[in-house]
Protein chains: 2
Amino acid sequence: MKSTSCSSCLLKSKAVINLGDNELDILDKSCVQATFDRGETIFKQGALSSNIIYLQTGLIKLMIKGPNRVQILRLKKAPCYLGLPTTMGDKINNYSASALEKSTACFIDMNTFKELLRINPAFSYEIIIELCKNELEQFKRCVTLVQNQIFGRLASNLISFADDIYSSHEYELPLNRNELADLVCTSRETISRILSDLTKERIIEANGKHIKIINYNMLKEISRKG
Amino acid sequence: MKSTSCSSCLLKSKAVINLGDNELDILDKSCVQATFDRGETIFKQGALSSNIIYLQTGLIKLMIKGPNRVQILRLKKAPCYLGLPTTMGDKINNYSASALEKSTACFIDMNTFKELLRINPAFSYEIIIELCKNELEQFKRCVTLVQNQIFGRLASNLISFADDIYSSHEYELPLNRNELADLVCTSRETISRILSDLTKERIIEANGKHIKIINYNMLKEISRKG
DNA sequence: AACTGTTTGTGATATGTATCACAATTATAT
DNA sequence: ATATAATTGTGATACATATCACAAACAGTT
């Protein structure tokens, strides 16, 4: 049940901002809103994909089950589109999404979305921009995962939590040790060892999920060198 | 110097096929064609990006200089767009492209490309589809790189050469050992050892750059298990 | 409050691959 | 044809991280 119509929604995407009243009406008629608690699945790998999902509020993880393990592809913070590639580039979800905190998402019918792409070039243009930025981000992440050793990989992610997600050098991790290991592509034991070492070296303070970055420059250096 | 006008080009992209005569004229006026020999750079990481590049014929590698090494992000076979994300998502090339064999590419002015996106929704739509498929492909590649051990990673790539690029179980690698190592993210010594082992086990025959796959199913199994 | 299940930390050991060194082979230049 | 440079293959060793085992701490349930 939608709390507000698309036209009076205060959390529109950059793409949707370009829509006229008529187009917002079209969107409103085939757009459903849902709230997810932490841990709930928004869409599942292997299932048919027929909606475009716009994450209005919250934080989610994209996960894929690979040959050897579950891997967290990336975390995504609202506002953003989820699963655009998997819905428009394929018919089956190539990966899953789950909420890491209470989140709200709008499910847009695929055909309506295509219609909006067709009738509003500015809408299309913003979708293209988002796809392009996502791919660049993904390339960067992949290079870090492949080239850096585990110290550098973990440091990069801790910094990303601080700079991109919480805008603070002190935060509560939204992941347990196993999930952090899935994000950084290592084992949970290795995560424990490194958080321990970083704490001993007074670069961070790690108390359970509570992280405080003490020596940001040193952490940055570690993330650069790998 | 263009050998033919855009309207009479027989190698149009799926996006360009949607353009009308008028739009093809617009494209023709700001599109320059170039031929590249093997080894030549098409665009360079760190340089300003102001063109959209359409690879008409040939095979290229996308490379990025990371914290520890050069990494080949992926190979791309014509026909396809190169560097869409890096031109539309940023102003600087995030990675480089070089020809692996004689190739031809069309350089399209950025503003003209944006104009075509604006005036032709079907054109935009095909660009969106290509971006989505690219991202899914990139996710798959990243998962393989991160989760598989080196045997599985090399097997995957040898199969990709056979199935996607040469459509043959026997082919001439377009890469030397060092470049193959960059593609698979390992060292050139490890590449030599594994090609040696695979040859000893009669799964492939490797003679210099000449590769012949003898036991496709076994190679497939190795690539799946990692 | 007690019990059970889950998560986390640490020690010990195994494994896969990088690195280094060097020689052999191949390609290129003269 | 010869010399030089680049590429490749192999052996030996080092190193980073996975895996296994187990205990301690924490969270959830009764």
Side-chain angles (χ1 to χ4, degrees), chain A residues 37-39 61 66-72 100 143-158 172-201 204-211 222-223 225-226, chain B residues 37-39 61 66-72 100 143-158 172-201 204-211 222-223 225-226:
Chain A
D37 286 323
R38 171 179 163 65
K61 64 182 178 182
N68 295 327
R69 64 183 297 165
V70 166
Q71 176 176 336
I72 293 181
L100 290 176
V143 167
T144 296
L145 281 177
V146 160
Q147 295 199 23
N148 282 3
Q149 288 183 340
I150 187 53
F151 248 91
R153 300 206 304 270
L154 185 54
S156 293
N157 279 269
L158 293 180
E172 208 78 8
L173 278 172
L175 306 165
N176 65 25
R177 294 300 190 254
N178 229 34
E179 288 167 321
L180 197 46
D182 290 341
L183 177 67
V184 181
C185 305
T186 189
S187 67
R188 63 162 191 83
E189 293 96 338
T190 302
I191 293 293
S192 286
R193 295 190 219 281
I194 297 184
L195 288 180
S196 232
D197 288 348
L198 289 173
T199 297
K200 285 200 189 86
E201 290 171 39
I204 66 168
E205 261 177 40
N207 286 307
K209 291 184 171 182
H210 194 84
I211 303 289
I222 293 172
S223 81
K225 283 177 170 171
Chain B
D37 286 323
R38 172 179 162 65
K61 63 182 177 181
N68 296 326
R69 63 184 296 166
V70 166
Q71 176 176 336
I72 293 180
L100 289 176
V143 167
T144 297
L145 282 178
V146 160
Q147 295 199 22
N148 282 3
Q149 289 183 339
I150 187 53
F151 246 91
R153 300 207 304 271
L154 185 55
S156 293
N157 278 270
L158 292 180
E172 208 79 7
L173 277 172
L175 306 166
N176 65 23
R177 294 300 189 254
N178 229 35
E179 288 168 319
L180 196 46
D182 290 342
L183 178 66
V184 181
C185 306
T186 189
S187 66
R188 64 161 191 84
E189 293 96 337
T190 302
I191 292 293
S192 286
R193 296 190 220 281
I194 298 184
L195 287 179
S196 232
D197 289 348
L198 288 173
T199 297
K200 284 200 189 86
E201 290 171 38
I204 66 168
E205 261 177 40
N207 287 306
K209 291 186 173 184
H210 194 83
I211 303 290
I222 294 172
S223 80
K225 282 176 169 170

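Every chain is numbered from 1, with letters handed out A, B, ... down the list of sequences.
- Counting to the nearest Å, the P atom of D/dA16 and the CG atom of A/L145 are 19 Å from each other.
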Could you list the protein-to-nucleotides 7-10 of chain C atom pairs, N/O on both sides, closer than 3.5 Å?
| unit_1 | atom_1 | unit_2 | atom_2 | d |
| --- | --- | --- | --- | --- |
| C/dT8 | OP2 | A/R177 | N | 3.0 |
| C/dG9 | OP2 | A/R177 | NE | 3.1 |
| C/dG9 | OP2 | A/S192 | OG | 2.5 |
| C/dG9 | N7 | A/R188 | NH1 | 3.0 |
| C/dG9 | O6 | A/R188 | NH2 | 2.7 |
| C/dT10 | OP2 | A/S196 | OG | 2.9 |

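- Residues passing the salt bridge (charged side-chain N to carboxylate O under 4.0 Å, His left out) test with B/E179 are B/R38, B/K61, sequence neighbours excluded.
- The side-chain hydrogen bond (donor to acceptor under 3.5 Å, both in side chains) check on B/T190 picks up B/S187, with sequence neighbours excluded.
- With rounding to the nearest 0.5 Å, the separation of CD in A/Q71 from SG in A/C185 is 4.0 Å.
- Here C/dT17 presents its P atom at 15 Å from CG of B/L180, a figure rounded to the nearest Å.
- In this structure, CG of B/D197 is placed 13 Å from C1' of C/dT17, rounded to the nearest angstrom.
- For A/R153 and D/dA16, the CZ to P distance is 13 Å, given to the nearest whole Å.
- For the pair A/K225 NZ and D/dA16 P, the computed distance is 15 Å after rounding to whole Å.
- In secondary-structure terms, DNA chain C builds stems of at least 3 consecutive Watson-Crick or G-U pairs, each pair having both distances under 3.5 Å, at C:1-30 with D:1-30.
- Residues satisfying the side-chain hydrogen bond (donor to acceptor under 3.5 Å, both in side chains) criterion with A/Q149, sequence neighbours excluded, are absent altogether.
- By the salt bridge (charged side-chain N to carboxylate O under 4.0 Å, His left out) test, B/R69 pairs with B/D182, sequence neighbours left out.
- In this view, A/N157 and A/R141, A/L183, A/V184 satisfy the side chain to side chain contact (heavy atoms under 4.5 Å, CB included) rule, not counting sequence neighbours.
- B/R69 has its CZ atom 12 Å from the C1' atom of C/dT17, to the nearest Å.
- Under the side-chain hydrogen bond (donor to acceptor under 3.5 Å, both in side chains) criterion, B/E205 pairs with no residue, sequence neighbours left out.
- Between the CD atom of A/Q149 and the C1' atom of D/dA14 there is a distance of 12 Å, rounded to whole Å.
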Handout entry: Verdict with reasoning, B/L195 to B/L158, per side chain to side chain contact (heavy atoms under 4.5 Å, CB included)
Key = CA-CA 10 Å; B/L195 287 179; B/L158 292 180; 4.3 Å; yes

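- A/K209 pairs by the salt bridge (charged side-chain N to carboxylate O under 4.0 Å, His left out) definition with nothing, not counting sequence neighbours.
- Between B/Q147 atom CD and C/dG16 atom C1' there is a gap of 17 Å when expressed in whole angstrom units.
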